[in-house]
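We're numbering straight along the sequence, starting at 1.
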Amino acid sequence: MKIEKYDFGKMILDGKSYESDLIIFPEKVQSSWWRKEGHFLQIEDISSILTTNPKLVIVGSGYYGCMKISPKVIEEFKKRNIELVYTDSKNAVEEFNRREEKDKVAAFHLTC
């Protein structure tokens, strides 16, 4: 999968447009991804990611980087030896497209 375009509130992935937060798995996209607290990523928010046991997770924290990440999430990824890239969504898109890992997963907050 390749992200063709990202701008505030909108992402185009393999020709399909998304206007809500999403998780990109190797074979599917989970659109309309909601978190327990909108701008705070917690363990409960990534349960679908953890069940796939990826080697790499890229988290886009929003156009302005407003979504913060719980230290417990970071600790859980470390415990499972999952590489975490956590940055604003524009840089996360670049990282997603650059990285070749087949078992990568990406979670994107598309707005703020």
Side-chain angles (χ1 to χ4, degrees):
M1 290 189 192
K2 180 169 172 77
I3 299 171
E4 298 164 24
K5 184 176 180 182
Y6 166 68
D7 204 349
F8 187 93
K10 185 175 183 178
M11 180 178 284
I12 300 174
L13 174 67
D14 288 342
K16 186 170 180 187
S17 181
Y18 296 90
E19 295 184 3
S20 62
D21 295 355
L22 53 100
I23 300 176
I24 304 169
F25 295 95
E27 290 89 26
K28 68 178 182 171
V29 175
Q30 178 186 336
S31 58
S32 298
W33 172 51
W34 293 97
R35 288 159 307 287
K36 187 175 174 182
E37 293 180 46
H39 289 113
F40 189 62
L41 184 64
Q42 300 176 61
I43 291 286
E44 299 95 326
D45 305 322
I46 58 165
S47 60
S48 62
I49 293 173
L50 294 175
T51 61
T52 65
N53 201 29
K55 291 198 181 334
L56 168 66
V57 174
I58 300 168
V59 175
S61 61
Y63 193 84
Y64 300 109
C66 291
M67 185 178 72
K68 304 304 176 203
I69 191 168
S70 166
K72 290 181 181 179
V73 170
I74 295 168
E75 188 175 306
E76 185 65 26
F77 284 143
K78 283 182 184 175
K79 183 173 90 177
R80 294 175 181 239
N81 291 322
I82 299 172
E83 180 184 357
L84 172 64
V85 175
Y86 168 66
T87 185
D88 65 84
S89 291
K90 181 178 182 262
N91 287 315
V93 165
E94 291 172 8
E95 188 73 10
F96 180 86
N97 285 337
R98 186 181 69 77
R99 299 293 290 260
E100 298 291 328
E101 288 85 346
K102 294 191 185 321
D103 58 352
K104 67 183 172 188
V105 174
F108 286 97
H109 179 50
L110 298 184
T111 58
C112 39

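- Side-chain heavy atoms closer than 4.5 Å link hydrophobic residues (I, L, V, M, F, W, Y) into clusters, and following such links, even through other members, never connects Leu56 to Tyr86.
- Salt bridge status for Glu44 with Lys36: present, with a side-chain N to carboxylate O gap under 4.0 Å.
- Sparse packing is recorded around CD of Glu75, with 12 or fewer heavy atoms of other residues, nucleotides or ligands lying under 6.0 Å away.
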I'd like to know whether His109 forms a side-chain contact (heavy atoms from CB on, under 4.5 Å) with Leu41, so could you lay out the CA-CA distance, the side-chain angles of the two residues, the decisive distance to 0.1 Å, and finally the verdict. CA-CA 10 Å; His109 179 50; Leu41 184 64; over 6 Å; no

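- When all heavy atoms are compared, the tightest approach of Phe108 to Ser89 is CE2-O, 3.9 Å.
- Using cut-offs of 30° and 60° for the angle between ring planes, the Tyr6 and Tyr63 rings count as tilted.
- Neither Ile58 nor Leu50 shares a network with the other; the hydrophobic side chains, linked directly or stepwise wherever heavy atoms of I, L, V, M, F, W or Y lie under 4.5 Å apart, form separate groups for each.
- Put simply, the side chain of Asp14 gets close to the backbone of Lys2: a donor and an acceptor are under 3.5 Å apart.
- Here the closest non-hydrogen pair linking Ser20 and Ser32 is OG-N, 3.1 Å.
- Residues Ile49 and Val105 approach most closely at CG1-CG1, 3.8 Å, considering heavy atoms.
- Here the straight-line distance linking atom CZ of Phe40 with atom CD1 of Ile69 works out to 9.0 Å at 0.5 Å rounding.
- Both Met11 and Met1 belong to a single network of hydrophobic side chains, linked directly or stepwise wherever heavy atoms of I, L, V, M, F, W or Y lie under 4.5 Å apart.
- Lys68 contributes a side-chain N or O that, together with a main-chain N or O of Gly65, makes up a donor-acceptor pair within less than 3.5 Å.
- Across Ser17 and Lys10, no two heavy atoms sit closer than the pair OG-CE, 3.0 Å.
- Clustering ILVMFWY residues whenever any of their side-chain heavy atoms sit less than 4.5 angstrom apart, transitively, puts Ile82 in a cluster other than the one holding Ile24.
- The hydrophobic clustering, which links ILVMFWY residues whose side-chain heavy atoms are closer than 4.5 Å, places Trp33 and Val29 apart.
- Of the inter-residue distances, the one linking Asp88 atom CG with Met67 atom CE reads 11.0 Å to the nearest 0.5 angstrom.
- Closest heavy-atom contact between Arg80 and Glu76: NE-OE2, 2.6 Å.
- Salt bridge absent: Glu94 and Arg98 never bring a charged side-chain N and a carboxylate O closer than 4.0 Å.
- Side chain of Gln42 to backbone of Ser70: no donor-acceptor contact under 3.5 angstrom is found.
- Between Glu19 and Leu110 there is no side-chain heavy-atom pair separated by less than 4.5 Å.
- Interatomic distance, CG of Asn81 versus NZ of Lys55, reported as 9.5 Å (0.5 Å rounding).
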Side chain to side chain donor-acceptor pair (under 3.5 Å) between Gln30 and Ser48, intermediate numbers included: CA-CA 9 Å; Gln30 178 186 336; Ser48 62; 3.1 Å; yes

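- Between the side chain of Ser61 and the backbone N or O of Cys66 there is no donor-acceptor pair closer than 3.5 Å.
- Closest of all the heavy-atom pairs between Ile3 and Phe96 is CD1-CD2, 3.5 Å.
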